[in-house]
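See structure below.
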Amino acid sequence: MNLWESRIRYPDGQIAPYQQGPNWRHFKLIAEPIKREIIEGLTIEALGYNGVTPGPLIIVEQGDWVILEVENRTDKPNALHIHGLAKPNFQDGMPAVEPTPTIQPGQSYTYRFQAWQVGSFFYHSSEIFQITRGLMGPFIVIPKQEQIPEWYIPYYDYVMVLQQWEIPQPELGKVELGTFQINKFDTDPNFFTFNGKSFPNTAPIYTSYGQKIRIRFINKSNTSHSMHTHGHDFKVVAVDGFPRNDWMDDTIDVASGRRFDVELLSNNPGIWVVNGTKTFHQSNNGIAPGGMISRLIYENYTPKSP
Amino acid sequence: MNLWESRIRYPDGQIAPYQQGPNWRHFKLIAEPIKREIIEGLTIEALGYNGVTPGPLIIVEQGDWVILEVENRTDKPNALHIHGLAKPNFQDGMPAVEPTPTIQPGQSYTYRFQAWQVGSFFYHSSEIFQITRGLMGPFIVIPKQEQIPEWYIPYYDYVMVLQQWEIPQPELGKVELGTFQINKFDTDPNFFTFNGKSFPNTAPIYTSYGQKIRIRFINKSNTSHSMHTHGHDFKVVAVDGFPRNDWMDDTIDVASGRRFDVELLSNNPGIWVVNGTKTFHQSNNGIAPGGMISRLIYENYTPKSP
Amino acid sequence: MNLWESRIRYPDGQIAPYQQGPNWRHFKLIAEPIKREIIEGLTIEALGYNGVTPGPLIIVEQGDWVILEVENRTDKPNALHIHGLAKPNFQDGMPAVEPTPTIQPGQSYTYRFQAWQVGSFFYHSSEIFQITRGLMGPFIVIPKQEQIPEWYIPYYDYVMVLQQWEIPQPELGKVELGTFQINKFDTDPNFFTFNGKSFPNTAPIYTSYGQKIRIRFINKSNTSHSMHTHGHDFKVVAVDGFPRNDWMDDTIDVASGRRFDVELLSNNPGIWVVNGTKTFHQSNNGIAPGGMISRLIYENYTPKSP
């Protein structure tokens, strides 16, 4: 396995299995109704790929032919689009506007295209209001191993998909547990997830002293999300798949459709907040702390009593 | 005519006529109540300049004296401000705060100032809640022809004004046709337009293989809009009138008051989506596809059946 | 006093007093219920530090040890976090997630850490819905005087904290005066302040011809704010404490958690608008002009009658 690929982590998510040959990888995605427990006791009836939302993480090498079989088990015709990765027109997956195939319910279609550009991308349904119900997932292109020196590869490479949900709840400031249908219009979101989980149920990000780690923030929601790491500044190494140079920061604004790759040096041991800084986004329907909060945990760290 | 000027396109919009002499151009704008059909059968009672919203596209050459006669046929005193282009104080057009003239209903005022800076700007009423009802339009300053080599000039230069509207509708997920007054507060927009039209009624952007085209995204709404092109990455060549260097991207976040000029090379024939990526913004009151979707169409392209 | 420190201005705000020694400064902050009149006749019952919201401006020199005594006179346990300035873990002030002390109501805690990085930061309560009620304030680290040539220091250095408030009001388009509790969820803000005041009650920014002035925009709200200066372009000199190079602009998007330092040359005498460009943000509950509007006033400027 490509060394970089072995370093990729997708907390709370599934990495898509694949078959491969020289210069191709074959994936299968099934779009279907799913359930997802985003905090303990609160489950959404959503749409997902292969049983989950966000969908499984697809990883390919630069130059690979991607063979992507998509089966539509939802009740509406749709297609699959990969945001940001240029493809020949008929493989672009936007049949309402472009001359590309529609996948009828119960049918499948297999996309074939080459992944020419390294970077962070995401795939989603061509139906907007299927996306807001969960039909999207991350898509990462990494360099071929021989094209990158080992020192450049992050020790861990975390993928964080930002989503928001409008879930029926009696009033702000309370959380009613149970199973709920998503309000697909998403004009008034009240739950905010990293990889489909809200705090306190988000899986941590782990590191150890001296490691360089990468975090990829990916957003296709109706709102921008402002992401922040405590105790560490970071270098923004790529925006929307394109490299940036020497751009240090501690807070970034990840607008809808955008992907920010940041790298930080683990030089400050502890247990740290990684979060969306918008105030309401750090709650579950107004109960804080919640929402877009995760933890960056140094392995084997023993908190010092102050 | 300046070659670059002849390349500028304003789909669904009007280009402002003018009189000119050496180093001056004279325009006339009338602010007045108008109607605009944003999708077939749905008309808004709005405010516009010279009968339209967004207002006519004003094009001047760098160094020109701009003589801008503004007549106020609305029912409120107002003035005209050009966002981003520095002018002498008394020509700035913000009479509620600055010592600049107010134009009473039925009266006119003529602004005179020099366009010293190349770039994308916009003009608007000094009354905030006239802007949300439509009183704004694009203002472009291009270089004098002798100052720019021909190869630098885009083959087409498209101007795209981003607007949003809060239109009374019975409920999300339906579109009631008819004629409607705008809710001027615009805190809960439900229609989203390029140059005053929502998909499927947006006029396409055309190109041909090998052409370099520019698109200027201009936003003065209550929300940021995240803009994306399918099948093509682009170079961000200017932000708010100032050049940027070597900044490739595929998605940009155009915040309120900002203007992004991007250039793409037409190297991927087809019929492509150009859109705002926020999910709800791709709908008409929750009916998708709609809203901020346009098409980039290669002339003489014949779709290949996949 | 450090020359740069003497140049810092915080319109409508209080600068925090301190005790100091070689390489340390000692501040005291008391978190408590407060009242703030944001426009004449409209007072919010909020939370503040030392009687005000936003809290007093803390200024330290790079390399200083900061001794920060925080007393909690609110009714909830909390702690104090300084956004963007990396500290040892147990001083980070996020006890719900990190192993750092909680301050019980009626208790105090004293933070001690070194300010290693020059830049604009802010402090806030660890309780999200105390922040939305006002518990935050600006924190500035300036270089030691011997490390910076005098010409580099701005003539004035203005600190502008951006806040928004959801205040109970009968309907949009009217302002009911009186004293009101803040709705802490802040999902539907209707008042927008610079340093705790809305237009027309915002204190102006002053300058004189030929001066270079800096403005620091600091945002920790639930929304991004798009900031604009009339009559003047500016150079973005730092983002989130990190220097930027040669980035001219006239409008910036200050997302939640971000801090933009801009510098402009006072070369265009007059009385000018400095504002947030989002339309509704320039009103007080829908009455315009209001909200995030301030004035840049040239001292001794006499308006010319046009």
Side-chain angles (χ1 to χ4, degrees), chain A residues 171-173 188-190 199-200 202 204 223-233 235-236 246-255 264 267-283 285-291 293-298 301-306, chain C residues 81-101 109-112 116-117 119 121-122 124 126-133 136 164 166 183-189 219-224 238-245 253-259:
Chain A
E171 59 177 308
L172 285 180
D188 206 9
N190 54 354
F199 188 82
T202 46
T223 310
S224 65
H225 295 287
S226 188
M227 306 310 303
H228 175 54
T229 52
H230 283 226
H232 300 77
D233 302 311
K235 187 173 176 181
V236 178
D246 298 320
W247 179 5
M248 291 296 299
D249 216 316
D250 57 45
T251 312
I252 49 172
D253 188 36
V254 187
L264 61 84
N267 60 4
N268 196 1
I271 297 171
W272 298 99
V273 171
V274 175
N275 65 351
T277 66
K278 286 184 175 178
T279 43
F280 190 69
H281 296 197
Q282 295 179 53
S283 80
N285 195 44
I287 297 292
I293 300 178
S294 187
R295 283 161 295 166
L296 173 67
I297 298 181
Y298 279 66
Y301 175 71
T302 306
K304 294 170 189 146
S305 124
Chain C
H81 173 67
I82 297 168
H83 182 103
L85 193 67
K87 298 161 290 297
N89 193 222
F90 69 90
Q91 297 290 278
D92 198 51
M94 295 299 287
V97 184
E98 302 173 346
T100 73
Y109 180 77
T110 301
Y111 295 91
R112 287 179 177 81
W116 62 275
Q117 184 192 4
F121 306 92
F122 58 89
H124 61 81
S126 59
E127 285 297 306
I128 283 296
F129 294 123
Q130 288 193 328
I131 303 171
T132 55
R133 295 175 64 201
M136 59 84 64
Q164 62 185 34
E166 186 172 344
N183 179 345
K184 68 181 180 179
F185 298 119
D186 192 29
T187 52
D188 207 9
N219 183 22
K220 171 63 182 174
S221 75
N222 201 36
T223 310
S224 65
V239 177
D240 301 334
F242 291 97
R244 292 291 185 269
N245 288 315
D253 188 36
V254 187
S256 178
R258 306 200 78 181
R259 302 87 63 197

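Model, not experiment: these values are computed from the prediction. Residue numbers start from 1 in every chain, and the chains themselves are labelled A, B, ... in the order their sequence lines are given, proteins ahead of strands.
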Select one option (side chain, backbone, both, neither) describing which atoms of [X] are under 4.5 Å from chain C's heavy atoms.
X	result
His225(A)	neither
Ile293(A)	side chain
Ser283(A)	side chain
Pro200(A)	neither

Top contributor to chain A contacts, counting heavy-atom pairs under 4.5 Å, from Lys87(C), Glu127(C), Lys184(C), Glu98(C): Glu98(C)
For chain A, which candidate among Thr132(C), Thr187(C), Ile131(C) shows the most heavy-atom pairs at distances under 4.5 Å? Thr187(C)
Heavy-atom pairs under 4.5 Å with chain C, option from Trp272(A), Phe199(A), Phe280(A), Trp247(A) with the top count: Trp272(A)
Return the option, out of Asp253(A), Asp188(A), Val273(A), Ile252(A), with the maximum number of heavy-atom pairs under 4.5 Å with chain C. Val273(A)
Side chain, backbone, both or neither: which part of Ser221(C) has a non-hydrogen atom closer than 4.5 Å to chain A? backbone
What part of Phe185(C) gets within 4.5 angstrom of chain A, counting heavy atoms only: side chain, backbone, both, or neither?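 Contact with chain A involves both backbone and side-chain atoms of Phe185(C).
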With a 4.0 Å cut-off on N to O distance, would you call Asp186(C) and Lys278(A) a salt bridge? no
Could you give the distance from CG (Asp240(C)) to NE2 (His83(C)), rounded to the nearest 0.5 Å?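 Going from the CG atom of Asp240(C) to the NE2 atom of His83(C) covers 6.5 Å.
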Please determine whether side-chain contact (heavy atoms from CB on, under 4.5 Å) holds for the pair Asp92(C) and His81(C), giving the CA-CA distance in whole Å, both sets of side-chain angles, and the decisive distance to 0.1 Å. CA-CA 6 Å; Asp92(C) 198 51; His81(C) 173 67; 3.2 Å; yes
I'd like to know if the side chain of Asn285(A) and the backbone of Glu171(A) have a donor-acceptor N/O pair within less than 3.5 Å.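 Side chain of Asn285(A) to backbone of Glu171(A): a pair is present.
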Where is the tightest heavy-atom contact between Pro204(A) and Ile297(A), given as atom of each residue plus distance? CB-CD1, 3.6 Å
Thr223(A) side chain to His281(A) side chain, donor-acceptor N/O pair below 3.5 angstrom: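 Side-chain D/A pair, Thr223(A) to His281(A): absent.
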Considering only heavy atoms from C-beta outward, does the side chain of Thr251(A) approach that of Ser226(A) to under 4.5 Å? yes
